[in-house]
Amino acid sequence: MPELPEVETIVRDLREDISGRKILSVNFITRSVWRGRVPSAKFIVGAAIERLDRMGKNILIFLSNDRVLIVHLKMTGRLTFEQPSSPKKKHTHFILSLDGGELRFNDIRRFGYLDLVAGPKLAKVRYLARLGPDALKIGRQEFTELIRGHKRIIKALLLDQDAIAGMGNIYTDEALFRAGIHPKRVSSSLSVARAGKLHEAMLETLNLALSARGSTIDNYVGGRGTPGSFQDQHLVYGREGKPCPKCGRAIKRIIVGGRSTHFCSHCQK
DNA sequence: GACAACCTGACC
DNA sequence: GGTCAGGTTGTC
(Lines give C-alpha, C1' and ligand atoms only; values in the text may rest on other atoms or scores of the structure.)
Protein backbone atom coordinates (compact mmCIF):
# COMPACT_ATOMS: atom_id res chain seq x y z
CA MET A 1 0.00 0.00 0.00
CA PRO A 2 2.28 2.69 1.17
CA GLU A 3 4.18 4.89 -1.22
CA LEU A 4 6.45 7.79 -0.28
CA PRO A 5 3.80 10.05 1.34
CA GLU A 6 2.41 7.22 3.44
CA VAL A 7 5.85 6.01 4.57
CA GLU A 8 6.98 9.57 5.31
CA THR A 9 3.82 10.17 7.37
CA ILE A 10 4.54 7.06 9.44
CA VAL A 11 8.16 8.12 9.97
CA ARG A 12 7.11 11.61 11.10
CA ASP A 13 4.53 10.18 13.50
CA LEU A 14 6.93 7.68 15.00
CA ARG A 15 9.76 10.19 15.19
CA GLU A 16 7.58 12.19 17.57
CA ASP A 17 6.12 9.25 19.43
CA ILE A 18 8.93 6.76 20.01
CA SER A 19 12.23 8.68 19.79
CA GLY A 20 14.20 8.26 23.01
CA ARG A 21 12.10 5.39 24.30
CA LYS A 22 13.83 2.33 25.71
CA ILE A 23 13.19 -1.15 24.35
CA LEU A 24 12.03 -3.33 27.22
CA SER A 25 11.29 -6.57 25.40
CA VAL A 26 10.67 -8.01 21.98
CA ASN A 27 8.10 -10.46 20.64
CA PHE A 28 8.95 -12.39 17.46
CA ILE A 29 5.46 -13.55 16.59
CA THR A 30 6.02 -14.58 12.97
CA ARG A 31 9.63 -15.44 12.28
CA SER A 32 9.23 -15.57 8.50
CA VAL A 33 8.71 -11.80 8.23
CA TRP A 34 12.44 -11.27 8.76
CA ARG A 35 14.29 -10.72 5.54
CA GLY A 36 17.55 -12.30 6.68
CA ARG A 37 18.16 -14.31 9.83
CA VAL A 38 15.88 -13.62 12.76
CA PRO A 39 18.06 -11.49 15.05
CA SER A 40 18.84 -12.45 18.60
CA ALA A 41 16.84 -10.45 21.14
CA LYS A 42 20.08 -9.38 22.82
CA PHE A 43 20.80 -7.12 19.84
CA ILE A 44 17.56 -5.25 20.44
CA VAL A 45 16.46 -5.35 24.06
CA GLY A 46 18.01 -2.70 26.32
CA ALA A 47 18.75 -0.27 23.49
CA ALA A 48 16.84 2.96 22.99
CA ILE A 49 15.23 4.36 19.85
CA GLU A 50 17.68 7.00 18.72
CA ARG A 51 16.15 8.38 15.52
CA LEU A 52 14.12 7.44 12.44
CA ASP A 53 14.66 8.01 8.78
CA ARG A 54 13.24 6.99 5.40
CA MET A 55 15.03 5.65 2.33
CA GLY A 56 12.58 5.36 -0.54
CA LYS A 57 9.79 3.27 0.93
CA ASN A 58 12.03 1.75 3.63
CA ILE A 59 11.71 2.88 7.25
CA LEU A 60 14.98 3.03 9.18
CA ILE A 61 14.91 2.92 12.97
CA PHE A 62 18.32 3.67 14.48
CA LEU A 63 18.97 2.08 17.87
CA SER A 64 21.39 3.38 20.50
CA ASN A 65 23.42 0.16 20.25
CA ASP A 66 24.44 1.14 16.70
CA ARG A 67 22.06 -1.26 15.02
CA VAL A 68 19.37 -0.32 12.56
CA LEU A 69 15.93 -1.88 12.25
CA ILE A 70 14.72 -1.65 8.65
CA VAL A 71 11.02 -2.04 7.86
CA HIS A 72 9.42 -2.31 4.42
CA LEU A 73 5.62 -2.34 4.38
CA LYS A 74 5.11 -3.49 0.77
CA MET A 75 1.35 -3.67 0.04
CA THR A 76 -0.49 -4.13 3.33
CA GLY A 77 2.05 -3.51 6.08
CA ARG A 78 1.41 -1.26 9.05
CA LEU A 79 3.80 0.10 11.64
CA THR A 80 2.04 1.66 14.58
CA PHE A 81 2.73 2.86 18.11
CA GLU A 82 -0.04 1.70 20.41
CA GLN A 83 -0.81 1.21 24.06
CA PRO A 84 -0.39 -2.36 25.31
CA SER A 85 -4.07 -2.25 26.26
CA SER A 86 -5.05 -1.65 22.62
CA PRO A 87 -6.58 -4.90 21.30
CA LYS A 88 -4.17 -7.18 19.43
CA LYS A 89 -5.15 -7.40 15.80
CA LYS A 90 -4.93 -10.36 13.48
CA HIS A 91 -1.75 -10.46 11.36
CA THR A 92 0.49 -8.73 13.90
CA HIS A 93 3.91 -10.28 13.33
CA PHE A 94 6.29 -8.36 15.55
CA ILE A 95 6.08 -6.22 18.67
CA LEU A 96 8.69 -4.03 20.33
CA SER A 97 7.68 -3.22 23.88
CA LEU A 98 8.89 0.25 24.76
CA ASP A 99 8.61 2.33 27.90
CA GLY A 100 5.25 3.94 27.27
CA GLY A 101 3.81 1.74 24.55
CA GLU A 102 4.33 -0.85 21.84
CA LEU A 103 5.62 -0.58 18.29
CA ARG A 104 3.65 -3.14 16.27
CA PHE A 105 4.27 -4.50 12.77
CA ASN A 106 1.10 -5.82 11.15
CA ASP A 107 0.80 -7.15 7.60
CA ILE A 108 -2.17 -9.05 6.13
CA ARG A 109 -0.39 -10.35 3.06
CA ARG A 110 3.05 -10.78 4.66
CA PHE A 111 4.84 -9.24 1.67
CA GLY A 112 6.51 -6.74 3.98
CA TYR A 113 9.70 -7.47 5.88
CA LEU A 114 11.92 -6.53 8.79
CA ASP A 115 15.71 -6.52 8.84
CA LEU A 116 18.24 -5.74 11.56
CA VAL A 117 21.67 -4.63 10.42
CA ALA A 118 24.79 -3.34 12.16
CA GLY A 119 25.19 0.42 11.68
CA PRO A 120 28.55 0.24 9.89
CA LYS A 121 27.11 -2.23 7.41
CA LEU A 122 24.13 -0.05 6.53
CA ALA A 123 25.84 1.43 3.49
CA LYS A 124 26.40 -2.08 2.15
CA VAL A 125 22.79 -3.21 2.33
CA ARG A 126 22.12 -3.99 -1.32
CA TYR A 127 18.43 -3.10 -1.51
CA LEU A 128 19.16 0.31 0.03
CA ALA A 129 22.36 1.11 -1.85
CA ARG A 130 20.73 0.52 -5.24
CA LEU A 131 17.91 3.00 -4.65
CA GLY A 132 17.81 6.02 -6.92
CA PRO A 133 17.54 9.62 -5.68
CA ASP A 134 14.52 10.32 -3.50
CA ALA A 135 11.48 11.58 -5.40
CA LEU A 136 11.00 14.43 -2.90
CA LYS A 137 14.61 15.57 -3.03
CA ILE A 138 15.69 15.14 -6.64
CA GLY A 139 16.28 18.50 -8.35
CA ARG A 140 14.66 19.57 -11.58
CA GLN A 141 17.81 19.29 -13.66
CA GLU A 142 18.82 15.88 -12.33
CA PHE A 143 15.28 14.63 -12.87
CA THR A 144 15.15 15.93 -16.43
CA GLU A 145 18.47 14.29 -17.28
CA LEU A 146 17.32 11.02 -15.73
CA ILE A 147 14.07 10.98 -17.68
CA ARG A 148 15.58 11.95 -21.01
CA GLY A 149 18.62 9.72 -20.52
CA HIS A 150 16.54 6.53 -20.44
CA LYS A 151 14.57 5.06 -23.30
CA ARG A 152 11.83 3.51 -21.21
CA ILE A 153 8.08 3.71 -20.83
CA ILE A 154 7.69 6.67 -18.50
CA LYS A 155 5.37 4.96 -16.04
CA ALA A 156 7.70 1.98 -15.65
CA LEU A 157 10.66 4.31 -15.16
CA LEU A 158 8.90 6.29 -12.42
CA LEU A 159 7.99 3.04 -10.67
CA ASP A 160 11.58 1.76 -10.81
CA GLN A 161 13.01 2.36 -7.32
CA ASP A 162 16.54 2.08 -8.67
CA ALA A 163 15.86 5.06 -10.94
CA ILE A 164 13.79 7.24 -8.56
CA ALA A 165 12.91 6.13 -5.03
CA GLY A 166 9.47 6.55 -3.51
CA MET A 167 6.95 6.68 -6.34
CA GLY A 168 4.28 3.97 -6.47
CA ASN A 169 1.25 3.15 -8.56
CA ILE A 170 -1.08 5.85 -7.24
CA TYR A 171 1.25 8.82 -7.33
CA THR A 172 2.72 7.87 -10.69
CA ASP A 173 -0.75 7.96 -12.27
CA GLU A 174 -1.61 11.20 -10.48
CA ALA A 175 1.65 12.94 -11.42
CA LEU A 176 1.42 11.90 -15.09
CA PHE A 177 -2.12 13.23 -15.26
CA ARG A 178 -1.14 16.55 -13.70
CA ALA A 179 1.71 16.84 -16.20
CA GLY A 180 -0.49 15.84 -19.16
CA ILE A 181 1.81 12.98 -20.11
CA HIS A 182 0.58 9.61 -21.42
CA PRO A 183 1.75 6.76 -19.14
CA LYS A 184 3.10 4.78 -22.13
CA ARG A 185 5.16 7.61 -23.56
CA VAL A 186 8.85 6.79 -23.99
CA SER A 187 10.82 8.83 -21.45
CA SER A 188 13.58 9.91 -23.86
CA SER A 189 10.97 11.45 -26.17
CA LEU A 190 9.96 14.10 -23.62
CA SER A 191 11.19 17.64 -24.18
CA VAL A 192 13.16 19.38 -21.43
CA ALA A 193 10.09 21.52 -20.79
CA ARG A 194 7.73 18.55 -20.43
CA ALA A 195 10.19 16.63 -18.25
CA GLY A 196 10.41 19.74 -16.07
CA LYS A 197 6.65 19.88 -15.89
CA LEU A 198 6.58 16.25 -14.79
CA HIS A 199 9.07 17.05 -12.03
CA GLU A 200 6.84 19.88 -10.88
CA ALA A 201 3.73 17.67 -11.03
CA MET A 202 5.47 14.90 -9.10
CA LEU A 203 6.50 17.25 -6.27
CA GLU A 204 3.07 18.86 -6.21
CA THR A 205 1.34 15.48 -6.00
CA LEU A 206 3.64 14.14 -3.28
CA ASN A 207 3.41 17.30 -1.17
CA LEU A 208 -0.37 17.49 -1.42
CA ALA A 209 -0.55 13.83 -0.42
CA LEU A 210 1.78 14.46 2.52
CA SER A 211 -0.44 17.31 3.72
CA ALA A 212 -3.38 14.89 3.64
CA ARG A 213 -1.32 12.23 5.50
CA GLY A 214 -1.40 9.90 2.49
CA SER A 215 -4.06 7.89 0.70
CA THR A 216 -6.11 5.18 2.37
CA ILE A 217 -7.78 2.88 -0.15
CA ASP A 218 -8.01 -0.12 2.07
CA ASN A 219 -5.38 -0.78 4.70
CA TYR A 220 -3.05 2.12 5.14
CA VAL A 221 -2.86 3.95 8.45
CA GLY A 222 -0.23 6.34 9.82
CA GLY A 223 2.01 5.69 12.82
CA ARG A 224 -0.88 6.50 15.16
CA GLY A 225 -3.34 4.16 13.48
CA THR A 226 -5.35 6.81 11.64
CA PRO A 227 -6.09 6.72 7.89
CA GLY A 228 -5.02 9.35 5.36
CA SER A 229 -7.43 11.41 3.28
CA PHE A 230 -5.68 12.07 -0.04
CA GLN A 231 -7.82 9.41 -1.75
CA ASP A 232 -10.55 12.10 -1.79
CA GLN A 233 -8.32 14.25 -3.99
CA HIS A 234 -7.28 11.58 -6.51
CA LEU A 235 -7.84 12.90 -10.01
CA VAL A 236 -7.49 9.64 -11.97
CA TYR A 237 -6.39 6.76 -9.74
CA GLY A 238 -9.31 4.44 -9.03
CA ARG A 239 -11.64 6.63 -11.15
CA GLU A 240 -12.08 4.45 -14.24
CA GLY A 241 -15.19 5.49 -16.18
CA LYS A 242 -15.64 8.68 -14.16
CA PRO A 243 -15.25 12.09 -15.79
CA CYS A 244 -11.78 13.56 -16.26
CA PRO A 245 -11.47 16.60 -13.95
CA LYS A 246 -10.10 18.64 -16.86
CA CYS A 247 -12.17 17.67 -19.93
CA GLY A 248 -15.02 15.54 -18.64
CA ARG A 249 -14.30 12.53 -20.83
CA ALA A 250 -14.24 9.11 -19.17
CA ILE A 251 -11.04 8.08 -17.35
CA LYS A 252 -9.53 4.94 -18.87
CA ARG A 253 -7.79 2.03 -17.23
CA ILE A 254 -5.08 0.03 -18.99
CA ILE A 255 -2.18 -2.18 -17.88
CA VAL A 256 1.29 -0.64 -18.09
CA GLY A 257 4.33 -2.41 -16.73
CA GLY A 258 2.00 -4.99 -15.24
CA ARG A 259 0.24 -2.36 -13.16
CA SER A 260 -3.29 -1.01 -13.35
CA THR A 261 -2.99 2.47 -14.89
CA HIS A 262 -5.55 5.27 -14.89
CA PHE A 263 -5.41 8.20 -17.31
CA CYS A 264 -7.29 10.50 -19.66
CA SER A 265 -6.54 9.74 -23.31
CA HIS A 266 -7.58 13.26 -24.30
CA CYS A 267 -5.54 15.22 -21.76
CA GLN A 268 -2.44 13.00 -21.66
CA LYS A 269 -0.22 12.72 -24.73
C1' DG B 1 9.37 -5.94 -21.35
C1' DA B 2 6.00 -9.49 -19.99
C1' DC B 3 4.71 -12.48 -16.34
C1' DA B 4 4.63 -15.36 -12.28
C1' DA B 5 5.47 -15.50 -7.51
C1' DC B 6 4.99 -14.17 -2.67
C1' DC B 7 -0.12 -13.90 0.62
C1' DT B 8 -4.89 -12.62 2.39
C1' DG B 9 -9.18 -10.49 1.78
C1' DA B 10 -12.77 -7.83 -0.61
C1' DC B 11 -15.85 -7.66 -4.15
C1' DC B 12 -18.62 -9.32 -8.35
C1' DG C 1 -15.89 -19.33 -8.79
C1' DG C 2 -12.98 -15.51 -10.67
C1' DT C 3 -10.65 -10.88 -10.37
C1' DC C 4 -8.20 -7.43 -8.24
C1' DA C 5 -5.15 -4.94 -4.77
C1' DG C 6 -0.79 0.63 -2.53
C1' DG C 7 5.37 -3.64 -3.97
C1' DT C 8 9.33 -6.06 -5.23
C1' DT C 9 11.99 -9.90 -7.23
C1' DG C 10 13.25 -13.48 -10.21
C1' DT C 11 12.61 -15.93 -14.72
C1' DC C 12 12.07 -16.12 -19.61
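Note on naming: letters A, B, ... go to the chains in the order of the sequence lines (proteins, then strands), and numbering restarts at 1 for each one.
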Note: for A:Lys151 and A:Asp218 on DNA chain B, the residue whose nearest nucleotide lies more 5' is A:Lys151
Using the [atom1] atom in both, what is the distance from [N] to [M], to the nearest Å?
N: C:dG1; M: B:dC6; atom1: C1'; answer: 22 Å
N: C:dA5; M: B:dG1; atom1: C1'; answer: 22 Å
N: C:dG6; M: B:dC11; atom1: P; answer: 16 Å

Tell me yes or no: between the side chains of [X] and [Y], is some donor less than 3.5 Å from an acceptor?
X: A:Asn58; Y: A:Tyr127; result: no
X: A:Asn106; Y: A:Lys90; result: no
X: A:Glu6; Y: A:Tyr171; result: yes

Under 4.0 angstrom, heavy atoms only, what part of the nucleic acid is A:Gly168 near: base, sugar-phosphate, or nothing? sugar-phosphate
ask   = When all nucleic acid strands are considered with a 4.0 Å heavy-atom cut-off, which category describes A:Lys90: base, sugar-phosphate, or nothing?
value = sugar-phosphate
Spacing of [X] atom [atom1] relative to [N] atom [atom2], expressed in whole Å:
X: A:Lys89; N: B:dT8; atom1: NZ; atom2: C1'; value: 17 Å
X: A:Ile70; N: C:dG7; atom1: CD1; atom2: P; value: 19 Å
X: A:Leu159; N: B:dA2; atom1: CG; atom2: C1'; value: 15 Å
X: A:Ile59; N: C:dT8; atom1: CD1; atom2: P; value: 12 Å
X: A:Ile254; N: C:dC4; atom1: CD1; atom2: P; value: 15 Å
X: A:Arg78; N: B:dG9; atom1: CZ; atom2: C1'; value: 13 Å
X: A:Leu4; N: C:dT8; atom1: CG; atom2: P; value: 11 Å
X: A:Arg126; N: C:dT8; atom1: CZ; atom2: P; value: 16 Å

### Query
Do any N or O atoms from the side chain of A:Arg249 and from the backbone of A:Cys264 form a donor-acceptor pair under 3.5 angstrom?
no
For the backbone of A:Asp107 and the side chain of A:His93, can you confirm whether one donor and one acceptor N or O come within less than 3.5 Å of each other?
yes
Parsed dot-bracket for DNA chain B after applying the Watson-Crick and G-U rules with both distances under 3.5 Å and | for other-strand partners is ||||||.|||||
According to a strict under-4.0 Å criterion, is [X] in side-chain N/O contact with OP1 or OP2 of [N]?
X: A:Arg253; N: C:dA5; value: yes
X: A:Tyr171; N: C:dG6; value: no
X: A:Arg259; N: C:dG6; value: yes
X: A:Lys74; N: C:dT9; value: no
X: A:His91; N: B:dT8; value: no
X: A:Thr76; N: C:dA5; value: no
X: A:Gln161; N: C:dT8; value: yes

Point to revise | Hphob cluster co-occupancy, A:Leu159 + A:Leu157, side-chain heavy atoms under 4.5 angstrom | key: no
Exactly one candidate in A:Asp115, A:Ile70, A:Val117, A:Val68 meets side-chain contact (heavy atoms from CB on, under 4.5 Å) with A:Leu128; the answer is A:Ile70
side-chain contact (heavy atoms from CB on, under 4.5 Å) test vs A:Leu98 passes for just one of A:Ile23, A:Asp17, A:Leu24, namely A:Ile23
Per nearest nucleotide of DNA chain C, the residue lying toward the 5' end, A:Asp162 or A:Arg109, is A:Arg109
Is the aromatic ring centre of A:Phe111 closer than 5.5 Å to the centre of the six-membered base ring of B:dC6, with the two planes inclined by less than 30°? yes
Taking N and O atoms by type only, does the side chain of A:Arg110 place a donor or acceptor under 3.5 Å from a partner on the base of B:dC7? no
Taking B:dG1, C:dT9, B:dG9 as options, the one with an atom nearest any side-chain atom of A:Tyr127 is C:dT9
Among C:dA5, C:dT8, C:dG6, the one nearest any side-chain atom of A:Ser260 is C:dA5
d(A:Leu60 CG, A:His72 NE2) to nearest 0.5 Å is 11.0 Å
